[in-house]
Asks: 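My questions all concern the structure below.
Residue numbering restarts at 1 for every chain, and letters A, B, ... go by the order of the sequence lines. Note that the structure is a prediction, hence the values are computed from the model and not measured.
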2 protein chains.
Amino acid sequence: MKRNTWQREAVRGALDANDGFISAQALHSALHATGSPIGLATVYRALADLAVEGDADSLQSPEGESLYRACSTNLHHHHLICRNCGLTVEIEADAVERWAKDVAGQNGFTQAAHVVDVFGLCATCTAKAA
Amino acid sequence: MKRNTWQREAVRGALDANDGFISAQALHSALHATGSPIGLATVYRALADLAVEGDADSLQSPEGESLYRACSTNLHHHHLICRNCGLTVEIEADAVERWAKDVAGQNGFTQAAHVVDVFGLCATCTAKAA
DNA sequence: GCTCTGTTGATAATGATTGTCAAAACCATT
DNA sequence: AATGGTTTTGACAATCATTATCAACAGAGC
């Protein structure tokens with residue numbers, strides 16, 4: 001049976017409180033900063049669970065870290081991510097969905113999944129950088 | 001000055017001889033299997049150099065490994081990758097390029113880069129799996 | 001052949017993530 | 001509220017890919 005623990009709630013809450021993608025390590029640090037004695041391994045486990053249940057999204061940063069974010073919808077979608085501040089916008093892309101399926105089919109591929117994420121500088125960070 | 005060493009040639013050759021994306025570790029093993037005494041660190045360095053020069057593509061597998069592949073063109077392009085055998089097809093996607101730029105612009109993002117890769121099972125592996 | 005300087009490679013170091021396992025917490029039941 | 005069967009936790013060790021270190025080595029030009 002699945003049990004409800006304050007640790008899981010803490011991770012879920014910390015994710016919700018965060019605007020963009022965050023690494024497991026950073027989330028653990030943030031929780032500690034608020035006085036929570038939660039363990040690192042538990043944060044990893046909770047994040048993995050949330051991702052499986054569809055309550056969180058995960059992606060790999062260009063540096064190879066796994067990043068997580070609270071996910072507002074269980075529907076398939078993609079992201080527009082600020083590489084500076086981590087701000088994330090969820091985007092839909094029916095056109096890309098179709099394209100991915102088409103291009104896979106044309107090459108004889110089946111069970112097509114795809115990774116489509118756009119990185120850039122958000123308006124705020126663009127202004128600051130100027 | 002940049003020097004030509006047999007090690008760099010060996011890495012380039014091994015990459016060319018491989019059809020799909022391969023990890024640095026696997027490439028090192030493959031080279032050792034052919035009797036080459038090349039060091040692991042050197043393989044990493046050579047791959048990083050090739051990637052910078054545009055002679056190789058790199059991407060991150062879902063498991064977090066960095067994968068490399070000999071790149072036939074320096075132009076920007078994407079990949080259709082068999083998750084079973086590593087077979088890779090280079091694909092162009094003008095539509096996706098435009099879409100990425102548009103969606104970034106609509107949200108005030110600048111300096112948009114994007115990660116677009118499609119994973120699936122190639123025709124051969126699909127047949128085997130049946 | 002000689003020297004200078006970039007390159008190599010064995011190994012240690014790093015850093016994220018996962019495995020281990022006894023102790024603690026959860027929840028249905030008494 | 002106490003009990004008991006299980007799940008979860010968390011401190012720590014283990015793992016894995018990758019990077020740094022640094023002395024020995026090998027190109028390139030003289």
Side-chain angles (χ1 to χ4, degrees), chain A residues 1-15 18 20-53 55-69 81 83 86 115 117, chain B residues 1-15 18 20-53 55-69 81 83 86 115 117:
Chain A
M1 188 202 304
K2 182 84 113 348
R3 294 181 184 172
N4 278 340
T5 62
W6 65 265
Q7 284 95 337
R8 242 186 266 272
E9 288 307 313
V11 170
R12 191 187 298 263
L15 255 199
N18 193 284
F21 278 85
I22 186 172
S23 71
Q25 306 269 349
L27 198 59
H28 176 238
S29 296
L31 283 165
H32 261 205
T34 68
S36 171
I38 192 170
L40 178 57
T42 303
V43 174
Y44 274 98
R45 279 187 292 246
L47 286 174
D49 284 350
L50 288 173
V52 167
E53 292 162 25
D55 290 331
D57 267 333
S58 71
L59 61 80
Q60 306 238 345
S61 76
E63 290 77 35
E65 269 182 298
S66 286
L67 303 180
Y68 297 87
R69 177 170 193 264
I81 305 147
R83 82 179 103 232
V115 177
D117 289 299
Chain B
M1 186 206 305
K2 183 85 116 339
R3 294 181 183 173
N4 278 340
T5 62
W6 64 265
Q7 286 97 335
R8 243 185 265 270
E9 288 308 313
V11 170
R12 191 185 298 262
L15 254 201
N18 194 284
F21 277 86
I22 187 171
S23 70
Q25 306 268 350
L27 198 59
H28 177 238
S29 296
L31 284 164
H32 261 204
T34 68
S36 171
I38 192 170
L40 177 57
T42 304
V43 173
Y44 274 98
R45 278 187 292 247
L47 286 173
D49 284 350
L50 288 174
V52 167
E53 292 163 24
D55 290 330
D57 267 332
S58 70
L59 61 81
Q60 306 237 346
S61 76
E63 290 77 35
E65 272 182 296
S66 287
L67 303 180
Y68 296 87
R69 177 170 193 262
I81 305 147
R83 82 178 104 232
V115 177
D117 289 299

Asks: Between A:L27 and A:A14, which heavy-atom pair has the shortest distance, and what is it?
Replies: CD1-CB, 3.7 Å

Asks: For a quick test of reading the model: is some side-chain N or O of B:R3 closer than 4.0 Å to OP1 or OP2 of C:dT5?
Replies: no

Asks: For B:E9 and D:dA26, give me the distance from atom CD to atom P, rounded to whole Å.
Replies: 18 Å

Asks: side-chain contact (heavy atoms from CB on, under 4.5 Å) for A:L50 and A:Y68? Distances and angles first, verdict last.
Replies: CA-CA 9 Å; A:L50 288 173; A:Y68 297 87; over 6 Å; no

Asks: Ignoring backbone atoms, establish whether A:T42 has a side-chain N or O less than 4.0 Å from OP1 or OP2 of D:dG10.
Replies: yes

Asks: Could you state the atom-to-atom distance from CH2 of B:W6 to C1' of C:dG6 in whole Å?
Replies: 16 Å

Asks: Specify the closest pair of heavy atoms between B:R12 and B:D55, including all atoms of both residues, with the distance to one decimal.
Replies: NH1-OD2, 3.0 Å

Asks: Can you measure B:Q60 atom CD to C:dA16 atom C1' for me and round it to whole angstrom units?
Replies: 12 Å

Asks: Please state how far atom CZ in A:F21 lies from atom C1' in C:dA16, giving the value in whole angstrom units.
Replies: 18 Å

Asks: With the sugar-phosphate defined as primed atoms, P, OP1 and OP2, and the base as all remaining atoms, what B/S/- string results for nucleotides 15-20 of chain D, 5' to 3', for protein heavy atoms under 4.0 Å?
Replies: --SBBB

Asks: Using whole Å, report how far CD of B:Q7 lies from P of C:dA10.
Replies: 11 Å

Asks: Which of these nucleotides, D:dG10, C:dG9, C:dT7, is closest to any side-chain atom of B:R8?
Replies: C:dT7

Asks: Using 0.5 Å steps for rounding, measure from the CG atom of A:L59 to the CZ atom of A:F21.
Replies: 4.0 Å

Asks: Can A:V11 and A:T42 be said to form a side-chain contact (heavy atoms from CB on, under 4.5 Å), step by step?
Replies: CA-CA 9 Å; A:V11 170; A:T42 303; 5.9 Å; no

Asks: Given 3.5 Å as the limit, does a donor-acceptor pair link the side chain of A:H28 with the main chain of A:Y44, or not?
Replies: no

Asks: Starting from C1' on D:dG10, measure out to CG on A:L47 and report it in whole angstrom.
Replies: 16 Å

Asks: Would you indicate, yes or no, if D:dT7 has its OP1 or OP2 atom less than 4.0 angstrom from a side-chain nitrogen or oxygen of A:T5?
Replies: no

Asks: May I have the distance from A:N4 (atom CG) to D:dT7 (atom C1'), rounded to whole angstrom?
Replies: 12 Å

Asks: Flag the pair A:Q25 / A:L40 as yes when at least one side-chain heavy-atom distance between them is below 4.5 Å, and no otherwise.
Replies: yes

Asks: Grab the CG-P distance between B:D49 and C:dG6 for me, whole Å please.
Replies: 14 Å

